[in-house]
Amino acid sequence: MDSLLEARNLQVHFRGPNKEILKAAEGVSFEARKGETLGIVGESGCGKSVCCMSILKLLPSPPAIYAGGEMIFDGRFDILKLNKKSLQELRGGRIGMIFQEPMAALNPAYTIGQQMREAIQLHLPATKAEAREMSCDLLAKARVPDVSRVLDSYSFSLSGGMRQRVMIAMALSCQPDLLVADEPTTALDATIQSQIIDLISSIQEETGMSVILVTHDLSLVSETADSMLVMYAGFACESAPANEISEHPLHPYTKGLVESRPSSRVTASRLPVIPGSVPSLASKPPGCPFHPRCAYAKAICASQFPPETAYGNRKVSCWLYAGEGSS
Ligand SMILES: Nc1ncnc2c1ncn2[C@@H]1O[C@H](COP(=O)(O)OP(=O)(O)O)[C@@H](O)[C@H]1O
Ligand SMILES: [Mg+2]
């Protein structure tokens, strides 16, 4: 399967209050293949949104510094090197994005219909009536009931789940090759969460688009995603086909995440949790950022950043596996 988007060794920094460099993405690599779903998983603050925003170079710079790496789209160009005009064409053109809190992305002063029309007319020479018709189709695709009523509504009068469906419809308006969904269901309750995830996968089946689905909840993506990236404190712990991550996690952090999944809680006599919490960027320890919480940590883990080891189509960054890989 061909690669649609490939982040190679992405490095994104911020400046701390004392001008120190805060590494929010420390050499992160991932790949969204055509027609497939990549799940990005990790606890809050680990750099998932920084990576997503970097896909379209959306982080304002300053404060963000794109310090290194590449974001190769369609095997043809590096998004991080594009000028403003080309970036704008790509945004909402070939790449659509949806976020955790749709309320922030919708304008409360305009109806859903007005906002959808604007999004459509930005990319297509459509009349007002044509844009409304297209909006109806898009909302129907996002399984929005009572489409005309929703088009004439304001965002605040819709439920959270309905707002997220509207966002999905708007993101689809440009027929994107890639949909980036950054925690699209975190603000929603559990039943609506799975409906939205199911909706994204069924639209993906219809359109053949690629999806990057970000979540802090491993169980939410493990069944939907084809491949997964597990992040911790700005670095990529492990990437692999989704079923391998769930069935044979390699990195100690991934093992902790898998054991903490709700599905394994049912059989576990005691809930396994990873002790400690994610360090802030300013207090990131030297060596492997995970070593203070790792049950397998060795002396080297406290002083040197772990190298990446490849095992066929999997990659793991951990001293436990250094020097063992195959390719
Ligand atoms: N504008 C910013 N200035 C400074 N630090 C930031 C900024 N945006 C994000 N960060 C830091 O980058 C890290 C990763 O954040 P984020 O990508 O939002 O995490 P996640 O999406 O995984 O919850 C966090 O430590 C956060 O505080
Ligand atoms: Mg986030």
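Counting starts at 1 for both ligands and their atoms, in listed order. The structure presented is a predicted model; accordingly, all values stated were derived computationally and were not measured.
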Does any N or O in the side chain of Asn18 come within less than 3.5 Å of the main-chain N or O of Glu20, such that one atom is a donor and the other an acceptor?
-> no

One should read off an interatomic distance between Ile55 CD1 and Phe30 CZ, to the nearest 0.5 angstrom, of 4.0 Å

When you check the gap from the basic side-chain N to the acidic O, do Asp74 and Lys34 get nearer than 4.0 Å?
-> yes

Indicate whether the side chain of Asn83 and that of Ser86 have a donor and an acceptor atom separated by less than 3.5 Å.
-> yes

In Å, rounded to the nearest 0.5 Å, how long is the span from CE of Met53 to SG of Cys51?
-> 12.0 Å

Verdict with reasoning, Glu89 to Lys85, per salt bridge (Lys or Arg N to Asp or Glu O under 4.0 Å) = CA-CA 6 Å; Glu89 280 168 15; Lys85 186 170 171 284; 3.2 Å; yes

Does Ser49 bring an N, O or S atom to within less than 2.8 Å of the Mg ion (ligand 2)?
-> yes

Give a yes/no on ligand 1: does Ser280 have at least one heavy atom closer than 4.0 angstrom to it?
-> no

cation_pi(Lys284, Phe235) dist<6.0 Å, angle<=45 | no

Which residue owns the protein heavy atom closest to atom 17 (O) of ligand 1, what's the atom, and how far is it?
-> Val50 N, 2.8 Å

Do me a favour and list the nearest non-hydrogen protein atom to atom 20 (P) of ligand 1 with residue, atom name and distance?
-> Gly45 N, 3.4 Å

Region of Ser49 engaging ligand 1 - heavy atom pairs below 4.0 Å | both

At the 4.0 Å heavy-atom cut-off, does Leu22 count as touching ligand 1?
-> no

Look at Arg8 together with Glu308 and state whether they make a salt bridge at an N to O cut-off of under 4.0 Å.
-> no

Is the closest heavy-atom distance from Gly42 to ligand 1 below 4.0 Å?
-> no

Do ligand 1 and Ala24 have nitrogen or oxygen atoms that lie under 3.5 Å from each other?
-> no

Residue, atom name and distance, where the atom is the protein heavy atom closest to atom 11 (C) of ligand 1 = Leu281 CD1, 3.7 Å

Nearest non-hydrogen protein atom to atom 7 (C) of ligand 1, with distance, is Phe14 CZ, 3.3 Å

Counting from 1, what ligand 1 atoms have a heavy atom of Ser44 closer than 4.0 Å?
-> 23 (O)

Answer yes if a protein heavy atom lies under 4.0 Å from atom 27 (O) of ligand 1, otherwise answer no.
-> no

